[in-house]
Number of protein chains: 2
Amino acid sequence: MKPTLQDVANAVGVSRSTVSNAYSRPDQLSTALRAKILDTAQRLGYPGPNPTARSLRRGFVGAIGVLFTSQLSYAFTDPFAVRFLAGVSEAVEQHGTSLLLVPLPAEHSRVRAAVENAAVDGFCVYCVGDEDWVLSAIRDRGLPYVTTASRADAGPTDRYVGIDERAAARSVAEHVAALGHRRVALLGDAVLPDAPPGPLRLADPSEAPHPTTRGRLTGFADAFAATGVPWPAITVLNASSNSRAAGAAAVATVLAGDHPPTAVLACSDVLALGVLDALAEIGSRLAHPVSVTGFDDIAEAATAGLTTVCQPAEEKGRLAAALLLAPPADPAAGHVLLPTEPVIRTSTRPVTRS
Amino acid sequence: MKPTLQDVANAVGVSRSTVSNAYSRPDQLSTALRAKILDTAQRLGYPGPNPTARSLRRGFVGAIGVLFTSQLSYAFTDPFAVRFLAGVSEAVEQHGTSLLLVPLPAEHSRVRAAVENAAVDGFCVYCVGDEDWVLSAIRDRGLPYVTTASRADAGPTDRYVGIDERAAARSVAEHVAALGHRRVALLGDAVLPDAPPGPLRLADPSEAPHPTTRGRLTGFADAFAATGVPWPAITVLNASSNSRAAGAAAVATVLAGDHPPTAVLACSDVLALGVLDALAEIGSRLAHPVSVTGFDDIAEAATAGLTTVCQPAEEKGRLAAALLLAPPADPAAGHVLLPTEPVIRTSTRPVTRS
DNA sequence: ATACAGTTCTGAATCGATCCAGAAGGGGTG
DNA sequence: CACCCCTTCTGGATCGATTCAGAACTGTAT
């Protein structure tokens, strides 16, 4: 077995405390003794104070956890999530702590265990929608946490960094509406849980359970309502997941139908790119061009010429981590809404009369 | 303060052990008592067994660490690294452990501390070149580790999952050579430490300190040597970092020079894309088209039409994690070389006589 | 020589659990 | 009733460090 503090202490002929001090409080002993201790520690192959034991005694770990609603491995395939993580890691790095990525099992019951078993000082919760049990598990654990979306039930001590989803969505939608589009479709992932891909009946955007999706759909609806397009006249499309393929699949039947929309507004760039894929697939078989918008402004959006709304992904992560690592004195500062901006590119054009 | 095991035990009127068993060994007590315990635990607001204390006693943590040579925040901007991480996370997720991303400070001395302080059961070392002190820090800690490149000094018990860098590089280079290219440049990042961006004198590819870069440069050289292009006739370009911008910057002066190469072979797709950027920048001011190749086959390579060599990034991560989580009985199985394949796209064309 | 302040080091308590040998209790068998 | 087994529960040792009050020593001023 690897030697412990005690072994080193014995070898040098001092007390455990002194060896401990040699590592974590150099000012508490003479430099000569310290050198001697470090030396024999090296000689014995002592690996340094055991991090776990140290954490236990000190009462903190030196790591924060990032919780993903979806699979961890999925998170890495989502460009926006990756950028968010980059921001988190930047803040964390600067603070000298580490990042624990906690995979949340699919089963409800085991989620709790995952949260309970994570050795961290706090949690950064990426995009938790109605998965309240995750938050309640965290709260029960008594650890601080930051979410990436404002929550209706957010108390004054809750911290989050998000955007005004509704206003942001409205901004692109207004652009689309201004271009004359009236027959439009909105595309989101998991608009309703367990709904099949494709068109969906939704009495009202407020019925979407996931707050982010709900906010964006509502924002889209706002803009069109203002130009005289009532909610029932708008097609809502459901994607089975937030991926390019799912986006393409969700829009396929509608594009192949009799009256395809002249514009598709997606709740994410990834989905929007899927729509572009689908359009490229069917080529010019359509009577009119279809405008497409996304959301997030990931790198691929620029190269694809996708009109979208830009939100500061890295900044979101950076701030979330910062809020967690150094809680602001003023609790009001714990609620951050980041600015967003519509980015007009070539994927949106004025509607052409068919 | 949050209650502890003891508090719950007191409240129920049983021993600490029994409460512990209620959580981690349900078969050791009657279901009735267990229910009662869990119930009052809930009532008291007991957050469940403290992960740190549990780890200390049990002797393992339930997390593996991923070490990046570069900044953590950089890792997330590198598509290949992200895909690698996706693979790691997949394996880790399946195994029910978590992933600790450990930022390595820039200073030598603090790297050791970072490794020593990480509460993990093992390390996955992403792309460590000659940064041997990282490995020695891990070894001193006595933890198992897996590297992502074969190492000259790899003992039989060392585990790694890599590719045959040299052969892989040779395969694309042979394609380029077969197209008739003789005036070529090789582009790598940090070919020599602290070298400025741009052309570089390198007596021999074996002089590159970083094993990955060395392997690839050597493979490139192999192919050209076979067609009669000696090493000194090949231009070596140094990029200041592995990024698109750095790639563009590194190649700029050479492209602007009198005898620009007809082909540039980069050590990574990211660098190659930078070269394409640089070429797009100067437009048709060049007398002849320039072929470009990359390495890794990241997603952008496909859309950019970049000829490259494909290596299974996710698989690399998955295997590395698997090797760490479940050491193979046969130590020989701990050395994995994954297959690679040249992918010919439109960025390479036959040389045109000028 | 005495007092006092600093510096250097020690010892015991502590963090919050897990583990294991064994005690207590219940039930069945000969 | 004695014996044994089985299930259920307990107590104390243990994981490997940190912490803090105080002991021992050193040196200086009185």
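All chains are named by letter (A, B, ...) in the order of the sequence lines, taking the proteins before the strands, and each is independently numbered beginning at 1.
Side-chain contact between L67(A) and L104(A) is present, with heavy atoms from C-beta onward closer than 4.5 Å. Put simply, the side chain of S20(A) does not reach to within 4.5 Å of the side chain of R57(A), judged on heavy atoms. In this structure, F68(A) and S89(B) have side chains that are not in contact, with every pair of non-hydrogen atoms separated by 4.5 Å or more. Using a 4.5 Å heavy-atom cutoff, the side chains of N50(A) and T4(A) are not in contact. When side chains are defined from C-beta on, R54(B) counts as touching N117(A), because their heavy atoms get closer than 4.5 Å. Counting heavy atoms from C-beta on, the side chains of F76(A) and L85(A) come closer than 4.5 Å.
Rounded to an integer number of Å, the gap from CG of L33(A) to P of dT7(C) is 17 Å. Whole-Å rounding puts the N10(A) CG to dT10(C) P distance at 11 Å. The separation between D27(B) atom CG and dC20(C) atom P is 13 Å, rounded to whole Å. Computed from coordinates, the R34(A) CZ to dT7(C) P distance equals 18 Å when rounded to whole Å. Between Y23(A) atom OH and dC9(C) atom C1' there is a gap of 18 Å when expressed in whole angstrom units. Rounded to whole angstrom, the span from the CG atom of N117(A) across to the C1' atom of dA17(C) amounts to 13 Å. Atom pair Q6(A):CD and dT10(C):P shows a separation of 11 Å (rounding to whole Å applied). As rounded to whole Å, 13 Å separates atom C1' of dC15(D) from atom CG of N50(B).
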Test log, rule side-chain hydrogen bond (donor to acceptor under 3.5 Å, both in side chains), inputs S15(A) and T18(A): CA-CA 5 Å; S15(A) 77; T18(A) 304; 3.2 Å; yes

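Across all strands, L5(B) comes closer than 4.0 Å to base atoms (heavy-atom distances). Heavy atoms of L56(A) sit under 4.0 angstrom from at least one base atom.
Contact annotation: S15(B) reaches the phosphate of dT10(D) (side-chain N/O to OP1 or OP2, under 4.0 Å). At least one side-chain nitrogen or oxygen of S30(B) sits closer than 4.0 Å to the OP1 or OP2 atom of dC9(D). Remark: Y46(A) is in phosphate contact with dA17(D), judged by side-chain N or O atoms under 4.0 Å from OP1 or OP2.
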Footprint string (nucleotides 19-28 of chain D, 5' to 3'): B base within contact, S backbone only, - free, heavy atoms under 4.0 Å: B---------

